[in-house]
Amino acid sequence: MMDCERVADYFREVYEGDSDTQTEKKVEDHLKSCAACREDFKWYRVTVHALANLERVVPPNDFLEQLNSRIDKNSSLFQFFIFQIKNLLNSAPAAPVPISAMSLAFVTVCAFLVYSYAPTDFSHGEKTGLSLKTNSQNVTLPSGQVSRPVDSGVVASAPFSPQSSTFSRAFVPYDGPGRSSAVSWHFPTVADQIGADNLTVESPQVDLALETLRNILPGIHGRLVDERFRNAFGEALVGVIIPSNRYGDLTSALVNHGAIEVGARSLGSESPAPTKVDSRNVRLYIRFTQAPK
Amino acid sequence: MTFNLETILNLICLTLASVSVIGSSVDNSDEDEELVRRCAGGDREAFNDLVLKYQKKVFSVAYRFVGDPEEANDLAQEIFTAAYQNLKSFRGDSKFSTWLFQIATNRGKNRFKYLKRRGFFMNKGSSDTDDEGDQFNRALPDQTANPEELLSGNQIRRAVVEAINELEPDHKEIVILRDIEGLSYDEIARILNLPEGTTKSRLHRARMVVKEKLKKVLS
């Protein structure tokens with residue numbers, strides 16, 4: 001004996017005489033004994049019958065004339081072009097959505113490329129009054145430090161500042177040089193991803209470490225842009241601009257040239273400026289401190 | 001085994017009908033082939049003949065997809081225009097009627113989706129109800145009505161139309177082709193490019209959906 005659910009699966013076959021004798025017999029037996037399925041089958045028959053007996057419709061008498069005039073209209077080149085567009089949209093009504101999305105993606109990619117390859121130069125910023133010195137400000141840093149492994153394998157520690165916290169976002173506000181608006185937006189760079197920020201380098205010989213830095217900067221297409229102070233404890237603070245994708249090389253080189261630790265030190269009470277990042281370069285301050293002997 | 005006269009006559013009639021159907025189908029196919037060939041060569045009259053031959057069926061399919069005479073007229077013209085412009089690409093792998101119905105179902109389905117997204121059927125349904133609400137309410141059957149007795153009423157027709165408009169496009173096209181236009185499973189399978197088994201099971205599911213909607217509305 002079939003169950004009710006299975007019987008319903010055979011409604012079409014039984015109704016259209018498309019089932020084998022055995023199945024038909026089983027379904028008939030079930031229908032005889034099950035009032036609910038019998039009723040259901042009755043509704044099935046009614047449905048098919050009603051569908052087949054919907055009122056007939058006929059085209060208007062001038063259908064052919066209308067059609068010919070439409071075809072003639074479409075035969076001109078311009079109309080043909082419009083028709084093809086309409087055709088495309090009608091044959092694929094969902095097309096406007098992907099077309100819009102693709103257009104948006106295209107514009108975004110173009111904007112990104114233009115921005116990425118636009119010349120950026122911090123020295124220009126200095127000329128226009130956007131130099132490090134004029135931007136300098138005392139930033140009171142929270143005590144929290146964020147450590148991330150960088151691609152060189154050295155653990156760099158970046159003080160957690162409002163700017164560094166923006167690295168986790170998709171876009172980073174940047175008041176870069178040569179740009180009139182106070183805040184512009186750019187896509188995350190390598191520097192964003194590695195969390196580049198001001199560094200502390202602990203070295204037994206600060207002078208040597210500084211010299212090392214001066215030597216390695218040309219090799220990574222970077223340059224020294226600021227040297228802030230040397231205090232009684234032998235600490236030095238220098239500002240550098242390096243390509244954002246060479247951050248890992250810088251930290252590796254510092255370690256290889258005698259710095260015993262990169263990062264992991266508080267910057268103290270004074271910080272010259274938060275890290276500046278644009279699409280290609282990163283400007284950061286490096287504090288050299290004397291390692292305990 | 002005994003045959004009475006009525007049985008023998010029935011058999012003869014059936015045989016003659018089959019022969020005539022097969023014969024007319026072959027003639028139709030040949031006739032279409034010739035018209036298509038002439039049409040592809042730029043003979044507009046041949047195209048007009050094809051239009052006159054298929055306009056009722058195409059218009060009917062279009063009407064079932066959109067449920068509105070004006071929209072159906074526009075859709076049917078769009079279908080024939082598309083056929084006219086693409087006739088040169090028709091390679092004759094299938095019958096012309098199958099090819100034309102392919103265009104009709106594709107365009108119909110897409111127009112249906114387009115209109116449905118814009119709430120065309122919702123608005124239409126409500127306006128119909130507003131216009132004919134009282135009549136519709138008066139015509140509602142009582143709870144004990146036998147479903148087969150309902151067939152005579154207008155309300156079931158309206159309920160069926162509404163149920164079709166609420167179907168998924170894939171279900172709707174198959175219901176239109178099979179139950180409303182009465183095409184064979186073989187032809188539907190060719191038009192929709194589906195295996196025949198899939199065609200049958202999809203039709204069954206579509207009918208069950210319509211059935212449930214009818215039951216809900218009418219009982």
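Small disclaimer: the values here were computed from a predicted structure and weren't measured. Naming convention: chains lettered A, B, ... in sequence-line order (proteins, then strands); numbering from 1 in each chain.
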Could you walk me through whether B:I156 and A:H49 pass the side chain to side chain contact (heavy atoms under 4.5 Å, CB included) test, one step at a time? CA-CA 11 Å; B:I156 193 166; A:H49 192 78; over 6 Å; no

Between B:H204 and A:E13, does a side chain to side chain contact (heavy atoms under 4.5 Å, CB included) hold up when you go through it step by step? CA-CA 9 Å; B:H204 176 67; A:E13 290 177 34; over 6 Å; no

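Between A:L64 and B:F80, the closest side-chain pair of non-hydrogen atoms is not below 4.5 Å. B:Q77 has its side chain out of reach of A:N68: every pair of non-hydrogen atoms, C-beta onward, lies at least 4.5 Å apart. Residues A:L51 and B:R178 are not in side-chain contact: their nearest non-hydrogen atoms beyond the backbone lie 4.5 Å or more apart. Side-chain contact between B:F59 and A:P60: present, with at least one pair of heavy atoms (C-beta onward) separated by less than 4.5 Å. In this structure, A:D72 and B:R44 have side chains that are in contact, with non-hydrogen atoms separated by less than 4.5 Å.
No part of B:V58 comes within reach of chain A, as not one of its non-hydrogen atoms sits under 4.5 angstrom from that chain. For B:V51, the part lying under 4.5 angstrom from a heavy atom of chain A is the side chain only. For B:K213, no part lies near chain A; criterion is any non-hydrogen pair under 4.5 Å. Neither the backbone nor the side chain of B:F112 comes within contact range of chain A, judged by heavy atoms closer than 4.5 Å. Proximity to chain A (any heavy atom under 4.5 Å) is shown, for B:R205, by neither the backbone nor the side chain.
Scored by the ring pair (Phe, Tyr, Trp, His ring centres under 6.0 Å) test, B:F101 finds no partners at all (sequence neighbours excluded). With sequence neighbours excluded, the residues forming a side chain to side chain donor-acceptor pair (under 3.5 Å) with B:R207 are A:E16, A:Y44, B:D179, listed by chain and number.
The greatest number of non-hydrogen atom pairs below 4.5 Å with chain B, out of A:L54, A:D18, A:D9, A:N53, is found for A:L54. Ranked by non-hydrogen atom pairs under 4.5 Å with chain A, the options B:V160, B:L52, B:I103 are led by B:V160.
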